[in-house]
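Heads up: the structure comes next, in structure tokens.
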Amino acid sequence: MPETLASGRTLRGHYHMELNAGGGTNPDYGAAYSYAFPLPSTPEFHFIADGETPPAQCPGTVEDPEAKPGNLCVYEGPTNFDSLVFEGVESDRFGFGLLMLVTEGSSFGWSIGSWAVTAS
């Protein structure tokens, strides 16, 4: 087993975030995802919201996620847009975490999608 993912190799995965705050409003919700192999360095992070055009570093889609070397591309698919919005990310060479915020007056939200990361 390699110590780190070889340069140019890509890992792909699925993410699913769902929150039911049971009557509370405006909670943050986070989830963490680990890579199967560590990367040689921390990738540049890109979040592509459903319906947005991906940047050049992310030539894929939610159905076929792709990332150019040195990039992590998270593609959002079906989402409860009225209540859950992307707020931030923590990323390093071992994985990443997503942070979502349930918008004013709501206690439920979900976001589903895919990701790809390619070692530099």
Side-chain angles (χ1 to χ4, degrees):
M1 176 157 59
E3 267 189 48
T4 59
L5 188 65
S7 178
R9 299 296 306 253
T10 301
L11 298 173
R12 292 174 182 83
H14 169 84
Y15 84 86
H16 180 130
M17 298 176 66
E18 186 170 329
L19 174 68
N20 187 346
T25 58
N26 295 69
D28 287 326
Y29 176 70
Y33 301 88
S34 294
Y35 305 133
F37 301 101
L39 304 175
S41 61
T42 298
E44 183 179 340
F45 176 79
H46 306 274
F47 183 82
I48 301 96
D50 188 31
E52 283 186 359
T53 300
Q57 300 92 328
C58 303
T61 64
V62 69
E63 295 85 13
D64 186 20
E66 294 289 339
K68 290 193 174 178
N71 291 275
L72 164 62
C73 301
V74 177
Y75 296 88
E76 185 178 50
T79 302
N80 182 344
F81 282 108
D82 293 336
S83 62
L84 193 65
V85 294
F86 175 71
E87 188 170 67
V89 66
E90 292 290 330
S91 176
D92 62 25
R93 63 188 212 97
F94 300 103
F96 65 98
L98 297 175
L99 180 64
M100 300 285 188
L101 173 67
V102 175
T103 56
E104 185 70 36
S106 182
S107 63
F108 176 78
W110 50 270
S111 178
I112 299 169
S114 62
W115 57 268
V117 64
T118 302
S120 53

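All values reported here derive from a predicted model rather than from experimental measurement. In what follows, every heavy atom counts, from backbone to side chain, and hydrogens, waters and symmetry copies are set aside. Nothing fancy with the numbering, it's 1 onward along the sequence.
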With rounding to the nearest 0.5 angstrom, report the CZ to OH distance, R12 to Y75. 9.5 Å
Rounding to 0.5 Å, atoms OH (Y33) and OG (S91) come to a distance of 13.5 Å
Drop me the distance from E44's CD to N71's CG, to the nearest 0.5 angstrom. 5.0 Å
Taking atom CD1 of I112 and atom CD of E76, what is their separation to the nearest 0.5 Å? 10.0 Å
Does any N or O in the side chain of S114 come within less than 3.5 Å of the main-chain N or O of V62, such that one atom is a donor and the other an acceptor? yes
Examine distances only and state if a side-chain atom of H14 and a backbone atom of G113 form a donor-acceptor pair shorter than 3.5 Å. yes
Do I48 and P55 have side chains that approach each other closer than 4.5 Å (heavy atoms only, starting at C-beta)? yes
Looking only at non-hydrogen atoms, find the nearest pair between L5 and P40 and report the distance. O-CD, 3.6 Å
Identify the two heavy atoms, one from D92 and one from T42, that lie closest to each other, and give their separation to 0.1 Å. CA-OG1, 3.5 Å
Beyond-backbone contact of K68 with P59, side-chain heavy atoms, under 4.5 angstrom: yes
When clusters are formed by joining ILVMFWY residues with side-chain heavy atoms under 4.5 Å apart, either directly or through shared neighbours, do L98 and L11 land in the same one? yes
Can you measure from OH (Y35) to CZ (R93) and round to the nearest 0.5 angstrom? 11.5 Å
If you round to the nearest 0.5 Å, how far is CG of L39 from OG of S120? 7.5 Å
Would you please name every residue forming a side chain to side chain donor-acceptor pair (under 3.5 Å) with T10, sequence neighbours left out? T118
F96 vs F45 aromatic rings, parallel, tilted or perpendicular, using cut-offs 30° and 60°? tilted
Compare every heavy atom of P54 with every heavy atom of G60, then report the nearest pair and how far apart it is. O-CG, 3.8 Å
